[in-house]
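Encoded as structure tokens, the structure appears first; notes follow it.
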Amino acid sequence: MDLKRTDLFRTKSYINGTWIEAKNKNTLAVNNPYNGAHLADVSDCGVNEVTEAIDAASDAFEIWKKYSAGKRAKILKKWHQLQMQHAEDLALILTTEQGKPLAEALGEIKYGASFVEWFAEEARRIYGDTIPGHASSIRIVTIKQPVGVVAAITPWNFPSAMITRKVAPALAAGCTVVIKPSELTPLSALALGVLAEEAGFPPGVINIVVSSDAPAIGETMCASPKVRKLSFTGSTRVGKILLKQSADTVKKVSLELGGNAPFIVFDDADIDEAVKGAIASKFRNAGQTCVCSNRLFVQDSIYDEFVQKYTEAVKQQSIGSGLDAGTVIGPMIEEKAVQFVESVVADATSKGAKLMSGGRRHEAKDGTLLYEPTVLCDVNTDMDVFKKEIFGPVAPVFKFSTEEEVIALANNTEYGLASYFYGRDYARIWRVAEALEYGMVGINTGMISTAVAPFGGIKQSGFGREGSKYGMDDYLEIKYMCWGGVK
Ligand code: SIN
């Protein structure tokens with residue numbers, strides 16, 4: 001890997017301000033998903049190391065929480081500035097271990113850094129209230145205090161931004177953190193650790209523990225009374241396990257879980273804009289985001305025109321190595337992800353769906369994890385593409401007739417993360433936006449992710465909000481002081 005700053009490439013975990021190997025000397029291999037090339041053997045830590053990290057974070061909390069908001073903000077700003085300064089190196093590491101195209105990886109680095117900048121600013125705005133007392137001699141004041149040690153378990157699809165989105169508000173609030181990045185993409189996390197060290201966070205404030213034993217690490221984090229908050233981004237299945245495991249210590253928990261996003265196109269929509277939005281929201285990161293549109297619903301009178309234009313646009317999406325200029329769709333993360341996509345496409349075609357494009361692995365010389373961008377029409381609600389989170393570059397396009405019908409279809413899922421629709425009638429826009437049972441609604445846009453807005457879901461997509469002024473709340477406790485005897 002041709003990095004300008006070669007020291008960003010680390011293979012050890014970062015605990016209490018020290019880069020450490022696993023005590024048992026175990027390592028895990030990190031490979032490039034595009035061609036399977038071996039990138040690194042990273043120390044494979046376990047329960048001992050994560051316990052050490054929790055202890056370090058707990059000790060550091062006593063120091064960090066006493067820093068003034070301004071001092072915490074200054075260090076966060078420095079971290080942001082370093083991420084921007086080394087964005088190209090960070091993007092190269094990200095593409096090489098995760099696969100997404102370099103331009104998209106650079107976008108993720110900047111997106112991730114924007115959370116650090118935003119929460120550095122928010123650190124100074126952790127306000128309390130004064131409340132009129134319930135008696136003339138009473139005064140009531142609230143203050144907000146950091147919850148304590150935060151455990152952050154982050155996914156492989158955004159190896160950088162999902163870390164900063166959790167860690168920046170935690171640090172701004174005065175919490176300390178133990179991060180467990182995905183074992184598929186630990187290098188981006190460790191590079192962020194190098195820059196955090198350089199920014200001046202005291203030892204123990206940020207800890208990064210790489211491990212292939214996610215269940216043991218998760219269980220240790222959940223069981224520890226020292227960890228006061230768990231923030232997890234990943235599958236609904238794992239989120240439920242962590243939520244149950246957090247019950248015994250009654251932790252604060254935030255969960256950003258799976259989605260099954262509807263993307264609705266009404267007959268008065270600008271069809272060309274809707275096609276662009278549907279491309280952006282479906283094929284970002286080869287369809288591997290929780291907010292990717294999963295089910296496209298198009299009103300019957302414009303269905304054929306939309307499918308034809310959308311299919312043409314999908315065929316233009318070039319697929320290949322994330323490092324090649326012009327690639328917009330990179331590889332999927334691992335073999336089982338490709339196999340899952342193959343299974344949902346096979347299920348749909350066996351039940352009568354029509355393949356408009358793609359529908360198979362790309363026959364690249366050295367890229368077996370590339371799956372061709374796929375459009376399916378004549379799909380129905382009995383198919384897996386309606387019920388399951390596809391998490392790959394496959395777009396099923398459903399036909400609907402009425403607003404009532406499409407709302408019912410869109411809400412017919414246990415998930416409630418992102419949703420999208422295109423249309424112009426302003427009364428319908430309000431009705432539909434209010435009726436969709438989702439935490440986020442994109443209206444005439446396919447891109448909703450930004451540090452300034454509260455990202456998060458409802459139903460089995462989880463709870464808690466990341467980003468925006470609300471993103472800090474999950475890392476703060478409210479304390480109310482009742483002052484008596486004011487005569
Ligand atoms: C995710 O897929 O979990 C996050 C996507 C985003 O932040 O846009």
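No hydrogens, no waters, no symmetry mates; every other heavy atom, side chains included, goes into these values. Start at 1 and go down the list; that is how both ligands and their atoms are numbered.
For the residues Arg165, Arg284, Glu256, the heavy atom positioned nearest atom 3 (O) of ligand 1 is part of Glu256. Remark: among candidates Phe115, Phe158, Tyr111, the nearest residue to atom 7 (O) of ligand 1 is Tyr111, based on non-hydrogen atoms.
For ligand 1, none of its N or O atoms has an N or O atom of Thr233 under 3.5 Å away. Inclusion of Cys290 in the set of residues having an N or O under 3.5 Å from an N or O of ligand 1 is warranted. For Gln288, no nitrogen or oxygen atom sits less than 3.5 Å from a nitrogen or oxygen atom of ligand 1, counting backbone and side chain alike.
Residue Thr289 has at least one heavy-atom neighbour below 4.0 Å for each of these atoms of ligand 1: 2 (O). Interface of Asn157 with ligand 1, defined as ligand atoms under 4.0 Å from a residue heavy atom, comprises 1 (C), 2 (O). Per-residue contacts place Met162 under 4.0 angstrom from the following atoms of ligand 1 (heavy atoms of the residue considered): 4 (C), 7 (O).
Considering only non-hydrogen protein atoms, atom 6 (C) of ligand 1 sits nearest to Ser449 OG, 3.4 Å.
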Q: Go through the steps to decide whether Glu466 and Arg165 satisfy the test salt bridge (Lys or Arg N to Asp or Glu O under 4.0 Å), and finish with yes or no.
A: CA-CA 6 Å; Glu466 298 190 306; Arg165 185 153 88 181; 3.0 Å; yes
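A cation-pi contact, defined as under 6.0 Å to the ring centre and within 45° of the axis, is absent between Lys282 and Tyr420.
Between Phe297 and Phe263, a ring centre-to-centre spacing not shorter than 6.0 Å is recorded. Ring-centre distance between Phe115 and Phe455: not below the 6.0 Å cut-off.
Here the side chains of Val150 and Val227 are not in contact, with every heavy-atom distance at 4.5 Å or above.
Note on Glu88 versus Lys4: salt bridge recorded, some NZ/NE/NH1/NH2 to OD/OE distance being below 4.0 Å.
Side chain to side chain, Gln98 and Asn285 meet the donor-acceptor criterion of an N or O pair below 3.5 Å.
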